[in-house]
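Heads up, the thing below is written out as structure tokens.
These numbers were taken from a predicted model, which means no experiment stands behind them. Chain letters run A, B, ... following the sequence lines, proteins first, then strands; residues in each count from 1.
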Amino acid sequence: MERASYLDKLNDNQRAAVTFGTGEPPGPLLVIAGAGSGKTSTLAHRVAHLVVNGADPRRILLMTFSRRAASELTRRVERITAAALGTGIAAEALLWAGTFHGIGARILRDNAAAIGLDPDFSIHDREDSADLMNLCRHGLGLSQTASRFPAKSTCLAIYSRKINSEAPLGDVLRDHFPWCAQWETELKRLFGAYVEAKQAQNVLDYDDLLLAWAQVMADPGFAAHVGGAWDHVLIDEYQDTNRLQARILMALKPDGRGLTVVGDDAQSIYAFRAATVRNILDFPGSFAPPADVITLDRNYRSTQPILAAANAVIGAARERFTKDLWTERASAERPQLVTYATEADQARHVVDRVLEDRETGTTLKEQAVLFRTSSHSAQLEAELTRRNVPYVKFGGLKFLDSAHVKDLLAMLRLGRNPRDRVAGFRVLQLIPGVGPKAAGHVLDALDLAPDPRAALRDVAPPPRSGSDWPAFVAAMTTDAPWPAALDKARDWYDPHLARLHEDSEARRGDLDQLAQIAGGYASAEKFLTDLTLDPPDATSDQAGVPLKDEDYLILSTIHSAKGQEWRSVHVLNCVDGCLPSDLGTGTTDEVEEERRLLYVAMTRAKDRLSLGVPQRFYVTHQSRNGDRHIYSLRTRFIPAGILDRFEVTHWSPARVGEVPRPAPAPIDIAAQMRDMWA
DNA sequence: ATGCACGCGGTTTTT
DNA sequence: CCGCGTGCAT
């Protein structure tokens with residue numbers, strides 16, 4: 001076959017990765033792809049190349065870290081194949097592109113009957129899971145222990161880590177939750193109850209999507225059935241997978257044939273979710289003969305000075321398994337390291353710089369401000385709002401977390417799966433006069449009924465529910481097709497929204513948005529699954545999400561910035577305590593992960609990079625005598641020895657024209673007010 | 001039984 | 001500040 005023209009645009013290593021594999025199907029391949037090395041493009045080309053050479057796209061499994069990454073990849077594959085073949089493959093041909101969790105949900109749903117699951121199972125998001133954990137916690141009387149028992153979210157985090165790391169509970173507690181170690185016995189009991197509750201309620205949490213999948217794969221018959229559905233399995237961001245995911249992968253393709261994994265150990269930033277770089281390091285040796293390894297170390301994204309600074313930061317890492325990145329993009333401009341007296345100064349200057357860059361032709365969308373923790377952007381957001389700069393924030397709170405959205409989604413979930421007690425408690429208590437007790441009775445009755453959905457019509461109304469009940473039942477049991485069913489729920493919910501929230505107008509807008517999204521789905525089930533596994537991740541202040549064609553600045557946690565790039569990048573709060581976060585400096589491993597976070601942040605920049613170092617912070621509510629400020633130091637990841645990679649400056653606001661004004665004589669307002677009644 | 005007022009305490013990052 | 005548990009009035 002004549003050499004396809006798309007191969008000409010690739011460098012030698014990229015081409016080797018794209019065309020790798022002589023066998024049918026080819027042996028296992030590991031691609032170590034440095035930041036900005038054209039990883040996504042290489043992966044897309046490899047998939048396209050397989051298809052161009054006759055692979056059936058419906059028999060390719062493509063697993064990525066987010067659904068956004070999956071659709072980007074799919075789009076590119078379509079473009080490349082379209083150019084190469086004349087006719088592109090249909091958009092639907094790549095049937096199996098998604099996240100580990102999304103694919104897991106699909107496999108479990110498809111095989112539900114055979115593995116003893118009700119196919120109508122609901123999927124709980126993190127908060128729902130924590131709520132269920134809380135119900136169990138109360139049930140076992142753990143909420144009123146003499147010394148305080150760990151909070152529901154902590155319990156869930158411990159449980160989740162145990163599942164995903166496949167480590168004994170004792171080890172998990174010792175290594176990651178030492179302040180909870182005294183509760184090991186109680187936690188074990190709690191987790192047992194939690195698992196039973198999930199099963200009784202026909203509910204799966206995030207971890208179950210992987211755990212149940214792994215358990216399916218442990219059965220040889222099922223493993224062959226599931227694994228046999230694909231000729232090629234490609235995994236992106238392999239450095240951020242955990243033990244459980246690796247186990248699933250190895251069971252899918254035990255001999256490694258058809259398997260490609262891509263990743264970069266220098267960008268591993270999800271250890272808190274039990275991801276382990278061991279997966280990527282041990283991958284080659286898991287097979288006999290070992291997997292081939294191809295390294296992409298040429299960076300196409302950043303200028304040389306940016307790369308030099310990033311390399312210096314990661315160069316000090318305790319362990320390094322890969323390469324220094326190199327580039328041919330010369331520039332005289334070093335990254336900036338700017339100190340400020342306060343965070344407010346930092347916010348002001350960053351906005352100044354952003355606007356300057358926009359004046360000189362860099363749109364807001366081509367610029368980003370990154371930070372370690374969602375709350376670090378608070379002052380910046382205030383400044384942006386004050387100066388009317390539109391922005392969209394990724395990471396942190398999502399609009400799905402707001403009470404009114406959760407209420408409506410819970411109604412839909414309860415309609416599909418009346419055994420879901422978390423949804424049930426939430427929804428039933430919306431009815432005035434119905435509290436935990438009455439809600440519990442209704443749910444118990446539904447639980448015992450042979451057909452819970454029908455039972456909702458017949459169940460005795462709660463004593464004080466009044467005239468609301470028939471309308472509620474009607475809304476819940478409607479036969480309206482999707483998405484009209486959502487409108488029925490909204491109609492019932494609307495008066496309660498107005499009753500419960502002062503700002504019901506703004507919240508109604510969110511629900512409009514939700515209805516819009518719902519319209520794009522064929523069924524409530526698909527809608528709920530997708531929304532839970534891949535929630536719309538941007539929030540943007542009170543103003544609502546800007547229109548798609550509008551220009552807006554990107555604000556993002558470093559975690560949510562993974563895989564992305566911008567011409568200009570500002571990193572906030574590069575000080576000890578923020579980056580590394582003072583919460584995660586317990587162990588050397590945790591500190592090393594924080595170092596990689598800074599590395600990831602810096603390598604997002606194409607042309608311009610600046611790191612902010614505010615020296616004074618206001619810390620609120622840390623001492624009971626009110627707010628205080630603390631002084632902070634430049635991050636330990638930029639020691640004096642590598643300062644020469646940066647242009648170091650200090651910025652303070654101009655004080656021009658500022659004349660101190662004398663204060664007027666004091667007045668006694670309180671006395672005046674008293675005198676009004678004298 | 002529900003719902004509200006009060007007081008205490010508090011590990012980010014996400015599928 | 002916010003969520004959570006407790007205690008009291010309806």
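- For A:A438, the side-chain atoms get nearest to B:dT2 when compared with the rest of B:dT13, B:dT2, C:dG5.
- Residue A:K437 has its side chain nearest to B:dT2 when only B:dT2, C:dG5, B:dT13 are considered.
- Using a 4.0 Å heavy-atom distance criterion, A:P436 is classed as a sugar-phosphate-only contact.
- Counting non-hydrogen atoms under 4.0 angstrom, A:F100 reaches nothing in the nucleic acid.
- Residue contacts for A:R464: at a heavy-atom cut-off of 4.0 Å it reaches the sugar-phosphate backbone alone, with no base atom in range.
- Checked by atom type and distance alone, the side chain of A:D576 never pairs as donor or acceptor with a backbone atom of A:L633 at under 3.5 Å.
- Side-chain nitrogen and oxygen atoms of A:K152 include at least one within less than 4.0 Å of the OP1 or OP2 phosphate oxygen of C:dC4.
- In this structure, A:R126 forms no cation-pi arrangement with A:Y206, as its terminal cationic atom is not both closer than 6.0 Å to the ring centre and no more than 45° off the ring axis.
- With values rounded to the nearest 0.5 angstrom, A:N242 atom CG is found 7.5 Å from A:R273 atom CZ.
- Residue A:W179 places its side chain closer to B:dT11 than to any other of B:dT11, B:dT2, B:dT12.
- Nucleic acid contact for A:R137: sugar-phosphate only, since backbone atoms but no base atoms lie under 4.0 Å from a heavy atom of the residue.
- Here A:G433 lies in heavy-atom contact (under 4.0 Å) with sugar-phosphate atoms only.
- Checked against C:dG5, B:dT15, B:dT13, the side chain of A:R273 finds its nearest nucleotide in B:dT15.
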